[in-house]
There are 2 protein chains.
Amino acid sequence: MHTLNVDLGDRSYPIFIGSDVIDTAQLTPYIKGSQVMIVTNETIAPLYLDQLRGMLASFEVDSVVLPDGEAYKDLEHLNLIYDALLEARHNRTTTLIALGGGVVGDMTGFAAASYQRGVNFIQIPTTLLSQVDSSVGGKTGVNHPRGKNMIGAFYQPQAVLADISVFSTLPDRELSAGLAEVIKYGLIYDVQFFEWLEENMPALIARDPKALSYAVQRSCEIKAEVVAQDEREAGIRAWLNLGHTFGHAIETHQGYGNWLHGEAVAAGTVQALQLSCELDWITERDVARATELLAAANLPIEPPENMSEKDFLELMAVDKKVINGELRLVLLKALGEATVTSDYPASSLSKVLNRSR
Amino acid sequence: MHTLNVDLGDRSYPIFIGSDVIDTAQLTPYIKGSQVMIVTNETIAPLYLDQLRGMLASFEVDSVVLPDGEAYKDLEHLNLIYDALLEARHNRTTTLIALGGGVVGDMTGFAAASYQRGVNFIQIPTTLLSQVDSSVGGKTGVNHPRGKNMIGAFYQPQAVLADISVFSTLPDRELSAGLAEVIKYGLIYDVQFFEWLEENMPALIARDPKALSYAVQRSCEIKAEVVAQDEREAGIRAWLNLGHTFGHAIETHQGYGNWLHGEAVAAGTVQALQLSCELDWITERDVARATELLAAANLPIEPPENMSEKDFLELMAVDKKVINGELRLVLLKALGEATVTSDYPASSLSKVLNRSR
């Protein structure tokens, strides 16, 4: 087991990474009161809920089971968590445990941030995507019909248990979606890791535990380093959004849940790299290598056919990275080095948005 | 004009208190972007919205008008604020302005805390209650059908404009409700201020500007001192809840908005003092003085006739001050000195809850 500390002063917390890290000894030190509320979904509950309950025999444990999917990441379903907490009279010392993927993690984190103005929570991410993305950095929240993650808070967990043995029950499509974010870390921050991924993609797709464990660890390390430098996203934390402004537009246009987040990010990453290439910051060869790696991870490398340039521009205009009317995008200066800029010709963006049509 | 600084490190902010403090020069330094969203209600909008808009001519100003009353302080109406922000494409640099009483302030504050994971806000409290209570301390949030203020965040404004000239449009009943909290500050923290209130209650009821200005200033000073010592309510901040555990039970039982918050707190304060007297911490004479002062402010001094001991106990059991099953109450050790305790005989509490029947 590898322990990674996310260094955020008095909000620091550990991430435990490896096989079979979910157990009583790992959980108990991070539960301060007598009450625990497990938040999970319909897919994960039959697989792991009883097992987790069994590890918490010395606590008063309740649970709430949400429907599975990004389509339910909204205020209405968030309210089901509040209902469960109030129904079972959970007080300020309660601990919420998020048992599920990114949707469960984001919703549980925001419920913890806002229930009685803030209670503790622990994350047990059950997908590759949530282990490498939402488990680090404290972004919590829900979607609004007009935009993704528009309602939320920065709120840190007490601990994260990233157990790679849960991948045994993860569908192929979700494994690939997680690899989109893993590849992103190489692209924005670490060209050696990008090259490691080029070599090890077959092992990752074959679910080799050693390869997966290293991919999770290195991804979390990179995210932790970036977040520790910039918790509130005033600067380099925005790099983590490579491909996300395009990707969010795809997710919103297609309806939440039809494209998985990682799939939309993959297609969006290709667009961001194409724009970086239009600006002569990276080469066509760089774009081709990244595109091939995403394709090797069985990810889409083109946006949906039914999305026009106008669709993209309208949906991207509501992105959180729009400041005073300017659309700031994360682009690459080189493989392994990102930048945030609104200084690109509209014609270059237009060319990219029309490219696959 | 009096300026009071609420000292919370990098979350410090000023409160401007006096006549005619609402103006462009007072607002502009606290608006960082180009967008402003004024949140107000149906009662206040016709009185002050156009005037405030006029002061913000150099900004892009939108507004959202909520229905008036505690009954609408819920997730559904909070969502109207998010809708308005997203409809008008407000970005992370937007500033929300709460123009209204405590309900508008609490909802706007929580909308600011959670919109795009946190934007700026300014408070313009238009009731005595909100000037002396919710304008200091950063408690924001909404109610849940099962409990008051169960969903929210600690989130500080950029500035508070407490303009006593707005009291010219305040109904008598709301003025009295605010005085309940003013009296509370004397009871928990400052016996001289309590005595000043005994002498000056006729002037306050007659809306003498000098008396009101001093009452607002001293109340905010006391709250600011308490909050600066204990922002997250680990200790003495709980003193501010004198009468509130009983009072919240009354509000919930009667339906939000039927008893004004200050009215419920007044009746609840008498109960808290009666219990303090049962414990021999304060004298019957102390209870009588406080009860007379509340009555002189035209406030109820008895709980609703249709509330049983059982009603109180059930509703108080869900209070945020319940820790591991123990009901902690704010009681008085003396006039001007509060304490928080769960160490009282159940029989004494029972006696108080049955007293007026």
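Just so it is clear: chains get the letters A, B, ... in the order the sequence lines come, proteins before strands, and each one is counted from 1.
The distance from the CD1 atom of A:Ile81 to the CD1 atom of B:Ile151 is 11.0 Å, given to the nearest 0.5 Å. B:Arg89 contributes atom CZ, which lies 8.5 Å from atom CZ of A:Arg146 (distance to the nearest 0.5 angstrom).
Within the 4.5 Å cutoff, the side chain of A:Asn149 has heavy atoms near those of the B:Arg117 side chain.
Proximity to chain B is absent for every atom of A:Tyr155, based on heavy atoms less than 4.5 angstrom apart. Only the backbone of B:Thr140 comes within contact range of chain A, with at least one heavy atom under 4.5 Å from a heavy atom of that chain. Both the backbone and the side chain of B:Glu87 come within contact range of chain A, each with at least one heavy atom under 4.5 Å from a heavy atom of that chain.
Between B:Tyr82 and A:His144, the ring planes are perpendicular. Angles over 60° get that label, and only those under 30° would be called parallel.
Per-residue heavy-atom pair counts under 4.5 Å with chain A were compared for B:Leu85, B:Thr94, B:Leu75, and the maximum is reached by B:Leu75.
For the side chain to side chain contact (heavy atoms under 4.5 Å, CB included) test, residues two or more places apart in sequence or in another chain that qualify with B:Tyr72 are B:Pro67, B:His77.
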